[in-house]
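Okay, structure first, notes after.
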Amino acid sequence: MALDFNFTPAQQRFRAEVRAWMQAHVPARALKTLESEEGFAQHREWERTLASGNWGMITWPQQYGGRGASLIDWLIFEEEYYRANAPLRVNQNGIFLLGPTLMEFGTPEQKARFLPRMAAGEEIWAQGWSEPQSGSDLAALRATAVRDGDHYVLKGHKIWSSRAAFADWCFGIFRTEPGSERHKGLSFILVPLRHPGVRVRGIRQIHGEPGFAEIFFEDARVPVANRLGDAGAGWQIAMATAGFERGLMLRSPARFQVAAQKLVQLWRRQAAGADPALGARVAQAWMDAEAYALNTYRTASRLMAGGSIGVEASLNKIFWSELDLELHRTAMSLLGDRAELAAGSPECLDPSWLEGFMFSLAGPIYAGTNEIQRNLIAERLLGLPRA
Amino acid sequence: MALDFNFTPAQQRFRAEVRAWMQAHVPARALKTLESEEGFAQHREWERTLASGNWGMITWPQQYGGRGASLIDWLIFEEEYYRANAPLRVNQNGIFLLGPTLMEFGTPEQKARFLPRMAAGEEIWAQGWSEPQSGSDLAALRATAVRDGDHYVLKGHKIWSSRAAFADWCFGIFRTEPGSERHKGLSFILVPLRHPGVRVRGIRQIHGEPGFAEIFFEDARVPVANRLGDAGAGWQIAMATAGFERGLMLRSPARFQVAAQKLVQLWRRQAAGADPALGARVAQAWMDAEAYALNTYRTASRLMAGGSIGVEASLNKIFWSELDLELHRTAMSLLGDRAELAAGSPECLDPSWLEGFMFSLAGPIYAGTNEIQRNLIAERLLGLPRA
Amino acid sequence: MDFTFTEEQQLMAGAFRELTADICAPEQLRALYDGRDTQAEARWARLAELGLFGVLAAEGDGGLGLADADFILLAEEAGHAALPEPLVEQAAVALPALGAHAGLPSVKALLPQLASGEARLALAHSRNPLANLPPAPTHWLLCESDAAYLIEAAGVDVIVEPSIDAGRRLGRPVVRASAAPLCRGAVARALGENVLSRAALYVAAQSLGVGARMLAISVAYAKEREQFGKPIGAYQAIKHHLASVAVKLEFARAVVYAAVAHVGRTGARSLAALSHAKLAAADAADLAARMAIQVHGAMGYSWEVDLHFYMKRAWALAGAWGDHSFHSRRLQGLVCEEAFALGPDQTFERTA
Amino acid sequence: MDFTFTEEQQLMAGAFRELTADICAPEQLRALYDGRDTQAEARWARLAELGLFGVLAAEGDGGLGLADADFILLAEEAGHAALPEPLVEQAAVALPALGAHAGLPSVKALLPQLASGEARLALAHSRNPLANLPPAPTHWLLCESDAAYLIEAAGVDVIVEPSIDAGRRLGRPVVRASAAPLCRGAVARALGENVLSRAALYVAAQSLGVGARMLAISVAYAKEREQFGKPIGAYQAIKHHLASVAVKLEFARAVVYAAVAHVGRTGARSLAALSHAKLAAADAADLAARMAIQVHGAMGYSWEVDLHFYMKRAWALAGAWGDHSFHSRRLQGLVCEEAFALGPDQTFERTA
């Protein structure tokens with residue numbers, strides 16, 4: 001039935017089940033930031049706790065440690081997850097990016113080797129896409145993997161690798177065909193990070209923590225069996241992974257709905273002295289978070305009815321990144337003369353606003369800048385000519 | 001003395017003189033729109049009245065019928081002009097565009113023939129820049145002027161020619177060198193509009209009046225003496241004219257200050273039921289109109305101290321066109337359910353808001369689109385590379 | 001939970017689009033703008049022929065007995081076409097609102113006539129005092145704050161209020177002092193609230209449609225118009241303008257469709273959802289209009305180019321049935337005072 | 001009427017820029033951010049050596065006896081450099097404000113010490129309760145709503161309040177109950193208003209400077225960084241982002257310079273001009289920061305790249321000395337209620 005906005009009894013039971021589990025398990029005290037070594041370890045531990053309840057990757061098929069949950073169930077899960085104020089997912093690259101990629105392109109051996117440990121939260125994955133000279137222009141990458149018997153010898157320099165400072169493995173693309181150019185001759189390879197010839201150097205972000213890292217490959221040897229898909233098929237596989245990244249699951253609507261709710265509370269606290277125009281911005285933040293949630297349900301319905309996600313992913317990316325930035329800018333304005341105060345300041349109302357604001361600045365940049373997304377929308381959705 | 005914001009006694013006297021004259025001469029009843037035949041005639045008459053007080057083109061040198069007024073005096077004049085709610089200037093193309101161009105590039109004979117009648121409001125000028133296939137890309141123009149003895153024979157089709165529906169003359173550039181391309185082989189030619197082989201067809205704008213026109217040249221013969229500057233120098237001269245257009249005088253700050261003041265009054269009338277955020281937009285409109293006025297005084301000071309205006313003209317164009325659009329959008333929001341009402345509706349509070357809103361939509365388009373202006377700023381002011 | 005439309009719904013919308021392509025083609029709108037419109041009666045007849053006035057009427061009243069979810073795409077198409085006649089006001093606002101009060105005198109008898117299009121209703125409301133008139137209206141429904149009137153057209157004097165949108169024939173009703181109300185007090189308020197709620201939703205849907213139309217026109221123009229040796233649509237600035245419109249429309253669409261579940265409800269959550277739909281759709285159409293004229297340049301500023309028909313409809317709809325201030329204040333009040341539970345598990349909550 | 005700066009003023013600003021290039025080079029700011037700053041005392045000494053603390057002090061107090069028009073470009077440079085020390089607060093806010101009350105006990109004696117930099121003032125105000133501390137402050141000036149205190153530093157306890165901007169050492173003063181006020185009532189209010197007025201102007205100037213710095217850094221990066229075979233600055237999207245910043249900065253600059261004529265005045269027109277300056281400069285710096293990070297991509301998000309020093313200064317200045325809500329409400333109240341004459345002939349009007 002069209003435009004049916006009622007949850008089924010099974011969905012309602014599922015929500016109740018998630019809510020009860022989260023109430024029982026979400027740590028009462030917030031974990032330290034996952035960008036610190038100690039916090040990373042705490043978040044790893046939380047992944048294991050999630051896995052113990054089989055909540056680690058609910059949309060994965062049961063055979064790989066998931067629940068085979070529908071996208072609607074996933075949305076319900078996320079709503080309850082954020083509602084419970086549960087920790088950030090350190091395992092995100094595994095669950096949403098490499099997991100689906102492995103399921104689509106991996107050999108049975110690769111799936112067996114990697115998926116269960118990913119699901120169990122035992123191995124945490126980092127991405128290795130960008131290089132110093134290839135950001136938006138990923139195809140300009142230079143890192144090489146030279147075949148030597150049943151091994152590849154890796155040389156090169158990846159950067160802006162999220163989670164890599166403390167993760168166990170990374171996935172990335174490397175030039176396996178010497179002399180190849182642009183999108184050709186690339187392969188998708190899985191590399192352990194604690195490994196001879198692999199050196200990881202955390203890069204501090206503007207908030208002072210190493211939210212991403214550089215990875216130097218200095219003649220690191222990895223078995224050819226660590227290649228995902230055919231030699232030379234790296235670009236196509238990476239594009240599939242990027243599609244997963246931009247797709248439905250990169251940012252849960254619930255995240256923004258919780259932030260908008262918090263913003264309303266901040267407004268109520270500050271309204272007396274605030275520019276009344278900020279009230280309209282608070283309401284806009286709520287509206288945009290709702291719109292994002294609604295459109296995600298809409299896309300989920302379409303996908304469950306057999307549709308596929310294409311350039312809509314770019315529409316989503318732009319919408320959530322702009323709403324998140326605007327929401328946090330509004331909070332900064334409401335905090336006014338206290339907005340600059342960092343954690344540790346007695347007068348600071350809530351340090352998470354400043355942290356969230358800085359994080360939101362990255363939204364329009366990462367996972368493909370919004371400029372690139374707008375190009376994609378113009379060319380692929382609207383059919384405008386390439387430059 | 002730096003940052004001196006006091007008017008001299010002479011400037012104060014000048015203001016008083018303008019104010020007194022305007023009080024005595026500005027028609028009590030608003031003229032009809034200059035985009036109607038009747039209104040155009042009324043505005044012509046007003047130009048003659050202005051000329052009778054020697055207020056027609058105050059910045060022109062005295063020898064050409066002006067007062068040799070400084071730019072600060074010009075700003076004072078404009079403030080009093082708009083404050084008095086005086087009519088729009090039908091003569092604008094002559095005063096600000098062709099006048100200065102003639103003074104710079106014209107022969108003594110051309111100056112003597114054209115400038116006094118322009119100053120007297122006797123001959124009204126239209127522009128002939130764009131052609132159907134050349135808008136932002138002016139150099140793609142195709143209209144030709146073929147030399148035949150001491151005449152040029154003009155063929156082609158100009159469009160978006162403001163004032164042309166009822167004006168007497170137009171200026172434009174034509175391809176005088178057969179087979180030439182882009183910026184080369186063009187000449188700047190003055191053409192009477194009531195002339196054999198010249199056909200003018202008004203183009204109605206979205207508000208229903210012919211605010212611009214098409215001009216068809218069908219073997220129209222004009223004397224070679226009507227060419228301004230050298231044959232082939234048309235592009236350079238046209239660029240100088242465009243510089244005058246984008247420069248200080250295209251839009252008087254006073255115009256926006258009066259509009260902002262009117263907007264404040266509309267706000268006070270409507271505030272009870274209005275979104276409080278609109279109050280902030282009203283205040284922003286006032287701020288932006290002030291900023292535009294202040295920056296114009298700043299530029300005038302710099303020019304009077306011997307500076308020249310270059311790419312700042314592009315900064316100005318963007319700023320006033322965006323402030324004007326935003327100001328009128330705010331008014332439309334304040335008018336709410338009455339915003340759509342046209343002149344003649346008993347419930348319409350003031351039809352000039354809707355007319356002004358539609359006019360403001362053209363701001364970011366004409367005199368070089370804002371996209372083109374941003375390119376110019378990026379390349380010429382910031383030094384970014386051309387695409 | 002299913003956010004898709006059925007094949008039937010899509011087919012019905014497709015059929016309506018075909019009809020509008022025929023009866024609201026730009027040359028017909030141009031005739032209207034140039035004061036040469038002779039097609040209003042014919043259009044009304046074609047709409048009636050397709051059964052559009054009765055989509056939401058009960059089968060017993062000669063209607064199709066369908067639900068709002070079945071009409072929302074039709075309202076979008078009405079916006080897409082800048083349809084001059086108030087089909088939506090009659091079929092999706094007044095008729096179902098009156099249908100909920102069929103026990104009131106004279107209402108029951110009128111419903112089949114409204115459903116067939118034989119009766120032509122002019123609808124005014126204290127929040128939208130100027131009615132968008134059908135050709136030769138036969139009846140008026142007036143919702144004042146504490147009383148509602150259902151009157152034959154002969155009993156109402158009309159003051160014409162020209163709109164910039166020539167496709168809207170606006171009129172302010174002057175009711176004779178002797179007119180007897182249809183109802184008063186709580187019943188009148190319920191009727192008025194239902195009318196406003198439905199109208200807000202369906203105006204939002206029309207805004208989406210007219211926004212989509214402007215985007216389509218702009219994309220087509222950007223592919224075709226060349227400057228500096230290539231289509232202007234190849235320039236990043238133009239691409240980004242139009243991509244931003246696409247984003248805004250797409251997300252407004254989700255909000256409008258979801259608001260269908262709230263129509264006619266008066267709980268805080270539902271009022272917020274309906275105001276959200278109205279605001280989001282108006283914003284998207286406003287951006288579409290601004291970017292359309294920017295992409296078209298002087299061409300878009302011309303009477304002879306089609307764009308202005310749709311821009312003017314977008315401007316008119318922005319103020320209709322609760323303007324920006326009304327919906328924005330209402331929504332800010334509800335959200336900022338937490339008049340209902342916020343939070344991620346509340347997205348689809350509904351209250352009476 | 002002359003909106004230009006003299007050659008002397010430009011030379012002085014140029015000399016100060018050279019000094020900051022030396023004492024506030026990015027590597028020094030990085031040391032500060034990494035907790036390795038050992039240069040605060042040296043910087044203070046260099047500022048004092050150039051006579052910067054005394055620019056606005058009377059010649060009799062060892063100053064240069066210059067006017068605000070002579071300091072505004074210096075404040076811009078302090079922002080451009082993200083100068084860590086509160087030069088501007090001491091030299092252009094507290095000193096001239098105290099100078100206007102030189103008859104109060106202990107003030108006259110302190111002025112020469114402030115002018116030379118020998119005294120180091122921490123300045124707090126009910127509208128800006130956290131002081132931006134100099135290294136080893138010697139005195140506090142506290143402006144409360146109805147009393148002002150001028151106290152030796154030993155008499156004040158300080159609660160440290162870390163800012164995201166490591167170049168600002170913020171402290172909240174706790175005054176002992178026994179402290180005697182410098183003045184009360186009308187005098188204290190006049191002093192406090194003067195301080196706030198000056199601070200708002202000079203924070204605005206600093207915002208301009210830091211905005212210009214971010215624009216310059218972004219332009220340089222856009223020329224150098226290549227993607228898809230050409231510098232990213234050749235793409236229209238990047239060009240338009242940076243052009244928009246240039247527009248906003250340029251017009252804010254005119255507003256800030258014009259506000260110099262209003263500093264210290266309390267008439268409605270002057271309060272509006274000062275709030276306008278603060279808001280316009282903060283907006284321009286905010287846009288510069290957002291576009292800078294967008295142009296830099298992940299690079300701009302890195303601790304090791306200079307950009308964040310300036311972004312954080314921009315964010316901090318936005319809230320300092322009257323945040324957005326304070327200035328925006330004040331201005332809306334004055335303008336929307338027509339607390340002074342609007343209109344084009346009023347641009348340069350000034351009231352006491």
Side-chain angles (χ1 to χ4, degrees), chain B residues 130 132-140 159-160 162 182 203-212 270-278 325 329 332-348 351 354-355 357-359 361-362 364-366 369-372 374-375 387, chain C residues 33-34 127-130 159-166 168 170 172 225-230 232 235-238 241 282 286 289-290 293-305 307-309 311-313 315-332:
Chain B
S130 297
Q133 297 311 316
S134 77
S136 287
D137 182 11
L138 188 55
I159 195 168
W160 316 130
S162 60
R182 306 290 304 162
I203 303 177
R204 293 172 78 189
Q205 293 178 329
I206 54 175
H207 46 65
E209 301 288 351
F212 32 50
Q270 303 284 89
D275 179 359
L278 291 175
L325 179 56
R329 290 181 68 221
M332 292 288 281
S333 289
L334 278 173
L335 289 167
D337 60 357
R338 291 171 176 183
E340 69 176 301
L341 298 180
S345 152
E347 282 289 312
C348 177
L354 181 58
E355 287 157 19
F357 168 65
M358 287 193 279
F359 188 75
L361 287 169
I365 295 168
Y366 86 120
T369 66
N370 285 11
E371 286 79 12
I372 297 283
R374 283 191 161 85
N375 289 347
Chain C
Y33 267 90
D34 290 341
R127 181 53 55 200
N128 193 73
L130 308 187
I159 300 168
V160 173
E161 300 274 355
S163 164
I164 187 71
D165 176 354
R168 284 163 62 85
L170 298 187
R172 167 179 289 275
R225 168 79 172 169
E226 295 199 355
Q227 290 284 276
F228 301 104
K230 57 183 178 180
I232 61 171
Y235 291 95
Q236 221 179 12
I238 299 291
H241 285 338
D286 172 69
R290 280 186 287 135
I293 200 164
Q294 193 63 25
V295 167
H296 278 78
M299 194 66 82
Y301 206 70
S302 308
W303 185 266
E304 292 168 58
V305 168
L307 177 61
H308 72 107
F309 309 144
M311 288 202 296
K312 289 168 180 172
R313 178 57 51 93
W315 302 336
L317 293 176
W321 293 100
D323 55 21
H324 170 85
S325 283
F326 171 78
H327 286 291
S328 185
R329 279 167 67 112
R330 185 167 90 171
L331 185 128
Q332 282 175 55

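Lettering of chains follows the sequences in order, A, B, ..., and the numbering in each one begins at 1.
A distance of 5.0 Å separates CH2 in C:Trp315 from CG in B:Leu361, rounded to the nearest 0.5 Å. Atom CD of C:Glu304 and atom CD1 of B:Ile203 lie 7.0 Å apart (nearest 0.5 Å). A distance of 7.5 Å separates OG1 of B:Thr369 from CD1 of C:Ile238, quoted to the nearest 0.5 Å. With values rounded to the nearest 0.5 angstrom, B:Glu355 atom CD is found 8.5 Å from C:Ile164 atom CD1.
The candidate with the highest count of non-hydrogen atom pairs below 4.5 Å against chain C, out of B:Leu138, B:Leu335, B:Asp337, is B:Asp337. Taking chain C as the reference chain and counting heavy-atom pairs below 4.5 Å, the highest number among B:Arg204, B:Gln270, B:Met358 is found for B:Arg204. Ranked by heavy-atom pairs under 4.5 Å with chain C, the list B:His207, B:Gln205, B:Gln133 is led by B:Gln205. Ranked by heavy-atom pairs under 4.5 Å with chain C, the first of B:Pro276, B:Ala343, B:Gly344, B:Gly273 is B:Gly273. Chosen from C:Pro162, C:Pro129, C:Ala316, the residue pairing most often with chain B at heavy-atom distances under 4.5 Å is C:Pro162. Your options are C:Arg168, C:His324, C:Arg290, and the one with the most heavy-atom pairs under 4.5 Å with chain B is C:Arg290. Contact count versus chain B (heavy atoms, under 4.5 Å) is highest, among C:Glu226, C:Met311, C:Lys312, for C:Lys312. Across B:Ser136, B:Ala339, B:Ala140, the residue that shares the most heavy-atom pairs under 4.5 angstrom with chain C is B:Ser136. Ranked by heavy-atom pairs under 4.5 Å with chain B, the first of C:Ala289, C:Gly319, C:Ala320 is C:Gly319. Contacts with chain C were tallied for B:Pro132, B:Gly135, B:Ser333, B:Gly211; B:Gly135 has the most, counting heavy-atom pairs under 4.5 Å. Contacts with chain B were tallied for C:Arg330, C:Gln332, C:Met299; C:Met299 has the most, counting heavy-atom pairs under 4.5 Å.
Of all the heavy atoms in B:Phe212 and C:Ala298, the pair that sits closest is CZ-O, 4.1 Å. Across C:Ser163 and B:Glu340, no two heavy atoms sit closer than the pair OG-OE1, 2.7 Å. Between C:Ser325 and B:Leu278, the shortest heavy-atom distance links the atoms OG-CD1, 3.4 Å. Residues C:Gln227 and B:Ser134 share a closest heavy-atom pair of NE2-CA, 3.9 Å. Across all non-hydrogen atoms, the minimal contact from B:Ile365 to C:Gly297 is CG2-CA, 3.5 Å. When all heavy atoms are compared, the tightest approach of C:Leu130 to B:Glu347 is CD2-CG, 4.4 Å.
By the salt bridge (Lys or Arg N to Asp or Glu O under 4.0 Å) test, C:Asp165 pairs with C:Arg313, sequence neighbours left out. Looking at residues two or more places apart in sequence or on another chain, you find a ring-ring contact (aromatic ring centres under 6.0 Å, His included) between C:His308 and C:Tyr33, C:Trp303.
In this structure, no portion of B:Arg374 lies under 4.5 Å from any heavy atom of chain C. C:Val305 does not touch chain B: none of its heavy atoms, backbone or side chain, sits under 4.5 Å away. Neither the backbone nor the side chain of C:His296 comes within contact range of chain B; no heavy atoms are under 4.5 Å apart. In this structure, chain B has heavy atoms under 4.5 Å from both the backbone and the side chain of C:Ile293.
Side-chain contact between B:Tyr366 and C:Tyr301 is absent, with no heavy atoms from C-beta onward closer than 4.5 Å. Counting heavy atoms from C-beta outward, B:Leu341 and C:Leu170 have side chains that approach closer than 4.5 Å. Counting heavy atoms from C-beta on, the side chains of B:Glu371 and C:Gln294 come closer than 4.5 Å.
Between the side chain of B:Asp137 and the backbone N or O of C:Phe228, at least one donor-acceptor pair lies under 3.5 Å.
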